[in-house]
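Naming convention: chains lettered A, B, ... in sequence-line order (proteins, then strands); numbering from 1 in each chain. The structure displayed is predicted, hence computed values, not measured ones.
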Amino acid sequence: MNDKTPFLDIRHARKSYGSLEVIKDISLTVDRGEIVAIIGPSGSGKSTFLRAINDLDPLTGGEVWLEGTQVNKKLPHRQYEKHINQVRQDIGMVFQHFNLFPHLSVRGNITLAPKMLKGLSDADANKLAEEQLDRVGMLDRIDFMPSQLSGGQKQRVAIARALAMKPKVMLFDEATSALDPELVEEVNQVMKKLASEHMTMIIVTHEMGFAESVCDRVLFMDQGVVVEEGPPSVIFRNPESERTRNFLRKHLEGVRS
Amino acid sequence: MGLDFSVVPKFMDVILLGGLWTVAITVCAALLSFFGGIFFAVVALYAPAVIRLPMRAFEWVFMGTPLLLQLFLIYFGLVQVGIDLPAFVAGVIGLGLHFAVYNSELIQTAIVAVDKGQMEAARTLGLSRGQALRKVVVPQAVRDVIPPIGNNMIALLKDSALVSVIGVSELTLSAQLAIGRTYRPFEFYLVAAVVYYIINLGMEYVLRKIERRIALAR
């Protein structure tokens, strides 16, 4: 890999369900350590686009490259499965509904994948779990079951679970949308901390304030295309596109009312 | 002529030994039906058609025909093709597979009902589909159907009386043996019924313990 190879490179991404096009030719490159927010109305394709990056929702056209490796390589089924399982270890993902494993303790949630996939011993996996939980301020809940945690705590554990795989990039799919308002801040704090540690992050969010304060770049998506992209100061304060302005205005009204 | 239980103590050891065999065959068949049920469920949901369709035909046979006939087929029928199973083994296989098919129906429904976010989260971490099923989806599905599976296991205990016809000297056959010696059917069938009931209580106790442990993990 030479210096000109982008860290994360999505080229001409397309996705359609039958005749319905949900992503229409989106290209995006992200540098190492960069933090990108994707905003837009629901149904704009932003979650689908995010989920295409680790091939959870496979694209119907285009390529995704991470550090010179093509994520959605065309391979025979068996080889592809092997390849994608390997690549996904490098791409952490956090979901709107946390998706913690309810039958496992907090510790079990975090150690499951490192033990299975990286062959960590119990002792090493425990140490890893403690480190990552400490990072999200949840070390004192290590032996709790997910059902005993609040939404914000669950999401912090889910972030720790993703971090335990030592990913190169983290994808956040509306990580705070399902939370009660008073629990949003603790998750935002964790994400801010990751930002300060220069974790590469792509964040689909409805929280404009958070996007503005944390992100290096903002993409506004609507109807499957990137309508406008730029630094948060431009997108939020002085957007060029009428559609961006309308969306932001409506969104602000929604927040105020 | 009234009831006379004075002959019972002399045959109590036979009856209790029969009770132990009933427990043994029930436990073995229950384990087979549990793990077999998981296996059938995963095959039914995820295996390619070449494996899935013959398996479904096999399940229809086990659901659509009498258990008694299945036991005859396994014990007497298979001998003709050179498979001569001991009666106990034939009984365990017949009972176990019969109830595995019923358990499989329950487990399939539960697997489908597990939130698909669970599979997604596991796959995102890098687990293969098989690993995700084994470590994340199936354990949750099984946990959800432990109570109805428990009901099936109580039915299995009661149906285990059927293996007396292929000569497993379990509780019912032992009672019959005692009756043959004493001509006291009412007394010994009553005693056998009491022993079945006691085993049943024991089983329910164990099942409740398992359910409580699982409830804690929710």
B:E120/A:R51 under side-chain contact (heavy atoms from CB on, under 4.5 Å): CA gap, chis, key distance, verdict: CA-CA 10 Å; B:E120 287 186 353; A:R51 290 160 56 89; 2.7 Å; yes
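- Heavy-atom distances place the backbone of A:I91, and not its side chain, under 4.5 Å from chain B.
- Of the two parts of A:F95, only the side chain, counted from C-beta on, holds a non-hydrogen atom closer than 4.5 Å to a non-hydrogen atom of chain B.
- The local environment of CZ in B:F39 is sparse, with at most 12 non-hydrogen atoms from other residues, nucleotides or ligands closer than 6.0 Å.
- No side-chain donor-acceptor contact under 3.5 Å links A:N54 and B:R123.
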Apply side-chain contact (heavy atoms from CB on, under 4.5 Å) to residues B:R134 and A:M116 and explain how you reach the verdict. CA-CA 12 Å; B:R134 194 153 44 84; A:M116 281 187 95; 4.1 Å; yes
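- Distance check, rounded to the nearest 0.5 Å: NZ of B:K135 to CZ of A:F101 gives 12.0 Å.
- Heavy-atom distances place both the backbone and the side chain of A:Q89 under 4.5 Å from chain B.
- A:P102 is listed as a side-chain neighbour of B:R143, based on a closest heavy-atom distance under 4.5 Å.
- In this structure, A:L112 and B:V136 have side chains that are in contact, with non-hydrogen atoms separated by less than 4.5 Å.
- No donor-acceptor distance shorter than 3.5 angstrom exists from the side chain of A:H103 to the backbone of B:V137, with no hydrogens or angles considered.
- Only the side chain of A:M165 comes within less than 4.5 Å of a heavy atom of chain B; its backbone N, CA, C and O stay farther away.
- Nearest heavy-atom pair, B:L125 versus A:L117, reported as atom, atom and distance to 0.1 Å: O-CD1, 3.5 Å.
- The backbone N or O of B:Q118 sits nowhere less than 3.5 Å from a side-chain atom of A:N99 that would complete a donor-acceptor pair.
- For A:E197, the CD atom counts as densely surrounded, since its 6.0 Å shell holds more than 12 non-hydrogen atoms of other residues, nucleotides or ligands.
- Of the atoms belonging to A:L100, it is backbone heavy atoms, and not side-chain ones, that fall under 4.5 Å from chain B.
- Taking OG1 of B:T124 as the reference point, atom CG of A:L56 lies at 4.5 Å (rounded to 0.5 Å).
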